[in-house]
Protein chains: 2
Amino acid sequence: MEPSLTTNQKIVLQALEASEQPLGAYNILFNIEKKGIKSPQQVYRALDKLIEIGAVHKIESLNSYIACKHKDCKARESTSFLICQECQKVYEVHENDLSDKFLKLSQKSNFKYSTHNLEIFGICGLCN
Amino acid sequence: MEPSLTTNQKIVLQALEASEQPLGAYNILFNIEKKGIKSPQQVYRALDKLIEIGAVHKIESLNSYIACKHKDCKARESTSFLICQECQKVYEVHENDLSDKFLKLSQKSNFKYSTHNLEIFGICGLCN
DNA sequence: ATCTGTGATGTTATATTATAACGTAACATA
DNA sequence: TATGTTACGTTATAATATAACATCACAGAT
């Protein structure tokens, strides 16, 4: 059962879905001011919720956010991205064996794996 | 040949080496004000250089910095960490096959791998 | 039909993280 | 000594994120 989104959450999500690149919170705010969103709080609150339900992911190294293209995204916590340094596009990676790989890697250090964030930088197929 | 550090760079590096956990830039600043460092700029400039030579790494998801314990760290760009959610300690991972793994993973998406940032969250051996 | 808890909203203010911009000093070397 | 380069000091400001408070909407219990 899909959690139904509030108006503000829909507005923020649509802004992200309409963008080719990840957007910062204030960039989102700028884009949707015409829709009545007036403060950073409103954006951040919507983002919090959208991230919680897996509809949006944060790119930590860019302080930016992207809409998740996958229905019922499992990546509520763990995320893996390919980030093009040329066109700034971000491609989400869904490799099931990544978590497994990182679990094993963690075990070697007697570390109990919970979640991960992977950001791979390079040049995408469209740019080279 | 080791690049010789300036006074400010040494002060910042020592502050990070003395810390069990990663430190934010303003936290560093607070710690070293008694040594005559007065502005964020001085900290950030030192950090920039230290990161450039591989003596310090940034933990993106924490907006924090750690001293690298490895001599001649290759991780000028690619970094991999285990981050304990209990004690906040960060352990740097040096697995040579990680870059290779990510290179192959990238190729599947016709993406030219350059560098990566991997942050694994969980509980460290001391905490569980 | 009220009361009450919960979650969303709107708004102002502020905290936190990071960089711009400007002038000066130190130092190597041509 | 002129010159380029790099670091430094300082003030100001940009960019990112959260705190705090009052209000509203609505579901469910009494």
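The chains referred to below are lettered A, B, ... by the order of the sequence lines, with proteins before strands, and numbering in each begins at 1.
Taking atom CG of Leu23(A) as the reference point, atom C1' of dA15(D) lies 15 Å away to the nearest angstrom. Atom pair Ile51(A):CD1 and dT16(D):C1' shows a separation of 13 Å (rounding to whole Å applied). When the P atom of dT11(D) is taken as reference, atom CZ of Arg45(B) falls 13 Å away, rounded to whole Å. Whole-Å rounding puts the Ile28(A) CD1 to dA15(D) C1' distance at 14 Å. The CG-C1' distance, from Leu47(A) to dA17(D), rounds to 11 Å in whole Å. Atom pair Lys35(A):NZ and dG10(C):P shows a separation of 15 Å (rounding to whole Å applied).
By the side-chain contact (heavy atoms from CB on, under 4.5 Å) test, Asp97(B) is found to be paired with Lys101(A), Glu95(B), residues two or more places apart in sequence or in another chain being considered. A search for side-chain contact (heavy atoms from CB on, under 4.5 Å) contacts involving Glu86(A) returns Cys84(A), Ile123(A), Cys127(A), not counting sequence neighbours. Listed by chain and number, the residues in a salt bridge (charged side-chain N to carboxylate O under 4.0 Å, His left out) with Lys58(B) are Glu60(B) (sequence neighbours excluded).
Regarding contacts with the backbone of dC8(D), every side-chain N or O of Gln42(B) stays at 4.0 angstrom or more from both OP1 and OP2.
Under a 4.5 Å side-chain heavy-atom criterion applied to ILVMFWY residues, the cluster that includes Leu98(A) comprises Leu82(A), Tyr91(A), Val93(A), Phe102(A), Leu103(A), Leu105(A), Phe111(A), Tyr113(A), Leu118(A), Ile120(A), Leu126(A), Leu82(B), Tyr91(B), Val93(B), Leu98(B), Phe102(B), Leu103(B), Leu105(B), Phe111(B), Tyr113(B), Leu118(B), Ile120(B), Leu126(B) as well.
Hydrophobic clustering (ILVMFWY, side-chain heavy atoms < 4.5 Å, transitive): Ile28(B) and Ile59(B) are in distinct clusters.
Listed by first and then second residue, the salt bridge (Lys or Arg N to Asp or Glu O under 4.0 Å) pairs that reach into residues 10-29 of chain B are Glu20(B)-Lys89(B), sequence neighbours excluded. For residues 24-38 of chain A, the set of pairs meeting the salt bridge (Lys or Arg N to Asp or Glu O under 4.0 Å) definition, not counting sequence neighbours, is empty. Each ring-ring contact (aromatic ring centres under 6.0 Å, His included) pair with one or both residues in residues 19-47 of chain B, not counting sequence neighbours, would appear here, but there are none.
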Quick test: give all pairs of protein nitrogen or oxygen and nucleotides 5-7 of chain D nitrogen or oxygen below 3.5 Å, distance rounded to 0.1 Å.
residue	atom	partner	partner atom	Å
dA7(D)	OP1	Lys49(B)	NZ	2.8

Which atom pairs link the protein and nucleotides 15-20 of chain C when you take only N or O atoms and keep those under 3.5 Å?
residue	atom	partner	partner atom	Å
dA18(C)	OP1	Lys58(B)	NZ	2.6
dA18(C)	OP1	Asn63(B)	OD1	3.4
dA18(C)	OP2	Tyr44(B)	OH	3.1
dA18(C)	OP2	Tyr65(B)	OH	3.1
dA18(C)	O5'	Tyr44(B)	OH	3.4
dA18(C)	N7	Tyr26(B)	OH	2.7
dA18(C)	N6	Tyr26(B)	OH	3.0
dA20(C)	N7	Gln41(B)	NE2	2.7
dA20(C)	N6	Gln41(B)	NE2	2.4

